[in-house]
Protein chains: 2
Amino acid sequence: MPHADPAGLIAARGGRVTRTRTAVLAVLFDAGRPISHDEVGEALDARGVSHDRVTLYRTLDWLVGHDLAHKVAGPDRAWRFNAAREGGHQHAHFQCEHCGKVFCLESLQPAIAATLPSGFRLGRAELTFHGLCPACPGAAASEARNPVAP
Amino acid sequence: MPHADPAGLIAARGGRVTRTRTAVLAVLFDAGRPISHDEVGEALDARGVSHDRVTLYRTLDWLVGHDLAHKVAGPDRAWRFNAAREGGHQHAHFQCEHCGKVFCLESLQPAIAATLPSGFRLGRAELTFHGLCPACPGAAASEARNPVAP
DNA sequence: GCGTTTAATGCAACAGTGTAGCGTTAGCGG
DNA sequence: CCGCTAACGCTACACTGTTGCATTAAACGC
Ligand SMILES: [Mn+2]
Ligand SMILES: [Mn+2]
Ligand SMILES: [Zn+2]
Ligand SMILES: [Zn+2]
């Protein structure tokens, strides 16, 4: 989504259009995949934008709270943030065991058939694949398809 | 699994049978669900066993590394540890959004049909349900069944 | 443009989780 | 019982994220 308008989106949610906020959202749009707080900071450096740690955390939280971004857990217990797409956040994710990158599998439409034990009330399901991403080397090349046991 | 023999299992893996190690494994067996490092520490207190933080971390790692326990991510980016059952660790998990407890859904046999995009090599799939556990109160009572969109 | 309001920022201090080094203790094999 | 060394316990540290509070600056009405 290269031509999104960060400032406009932020203003539309009633937030103040600040340099950090627009820059962070622009970074998320450009990243194309969920990136960590730290990666956002580096991208801000490259754009010559200040990046106080706390402000950055708060900015990312604000974006998530206003549906402009979503966050997904990474393999190293650090959140990854991604610019929100239309239609919520209904897709699986992939975590690379080698480089730690996280990818949204938006094209993937997995079918999960399951019935929870009695008493458990379902909010949402989260499906995460672990393995090696296209950019990483590695021996086991199981590009296997269904079915997959969790 | 109330009658497992921690000491025997530890010895069988070639590890030294220490007080901490056997106590930790016994705690995991008794817990019945994946518990955090901190919860293990509390349980050790109740049994009058020392629980140096670092030793506890290393003990848990050792148990995981020798297939006597497995760890699963919690909602608060702290690992939860569970005594390992036979047949690896092929099941989904449930995270309660209210109390933070994690449950293994061993009885659940979800079928996931999916084909990863080209270049991604699959290691394993991880299916996690989020919602409210039987012990927690809450409004939304969707004990819904399949299909579920992640 | 110029004040006023207050959302957002920047800084310091802190909490929680997990790791690295290293000297000491104790499990186990002889 | 002895000796070897795995495991322990302690200190110090890294990383992720939060809280409090004084300061700055975005928005708005004039
Ligand atoms: Mn996503
Ligand atoms: Mn499990
Ligand atoms: Zn990779
Ligand atoms: Zn609960």
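Below, chain A is the first sequence line, B the second, and so on; all start at residue 1.
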Just N and O in the side chain of B/T55: are any of them under 4.0 Å from OP1 or OP2 of D/dA7? no
In the hydrophobic cluster built from side-chain contacts under 4.5 Å, what are the other members alongside B/V102? B/V72
Is it the case that the base of D/dA6 and the side chain of B/R16 share a donor-acceptor contact (distance under 3.5 Å, atom types as modelled)? yes
Measure CZ/A/R13 against P/C/dA8 and give the value in whole Å, please. 14 Å
Look at the aromatic rings of B/W62 and B/H66 and report parallel, tilted or perpendicular, splitting at 30° and 60°. parallel
From CA spacing to verdict: salt bridge (charged side-chain N to carboxylate O under 4.0 Å, His left out), A/E39, A/R33: CA-CA 11 Å; A/E39 288 174 294; A/R33 60 179 173 82; 3.4 Å; yes
Using whole Å, what does the distance between atom C1' of nucleotide C/dG16 and atom OH of B/Y57 come to? 8 Å
Any donor-acceptor N/O pair under 3.5 Å between D/dG9 base and B/R58 side chain: yes
B/F94 ring center within less than 6.0 Å of B/F129 ring center: no
Using ring centroids (six-membered ring only for Trp), state whether A/H37 and A/Y57 fall under 6.0 Å. yes
Between CZ of A/R80 and C1' of D/dC15 the distance, given in whole Å, is 13 Å
Can you check whether A/S36 reaches A/E42 side chain to side chain, under 4.5 Å on heavy atoms? no
Provide, to the nearest angstrom, the distance between the CG atom belonging to B/D52 and the C1' atom belonging to C/dT25. 13 Å
Check DNA chain D against residues 59-79 of chain B and give the residues with a non-hydrogen atom under 4.0 Å, in numerical order. B/T59, B/R77
Side-chain (B/R21) to main-chain (B/T59) donor-acceptor, under 3.5 angstrom: no
I want to confirm an ordering. Mapping B/A11 and A/H51 to their closest nucleotides on DNA chain C, which one lands closer to the 5' end? A/H51
Please check the phosphate of C/dG10 (OP1 and OP2 only) for any side-chain N or O of A/S50 closer than 4.0 Å. yes
Below 3.5 Å, does any donor atom in the side chain of B/R53 face an acceptor in the base of C/dG18, or the other way round? yes
Expressed as a whole number of angstroms, how long is the span from B/R19:CZ to D/dA6:C1'? 19 Å
In whole angstrom, give the distance that lies between atom CZ of A/F81 and atom C1' of D/dT16. 11 Å
With a 4.0 Å cut-off on heavy atoms, is A/T20 in touch with a base, just the backbone sugar-phosphate, or nothing at all? sugar-phosphate
For A/I10 and C/dA8, give me the distance from atom CD1 to atom C1', rounded to whole Å. 12 Å
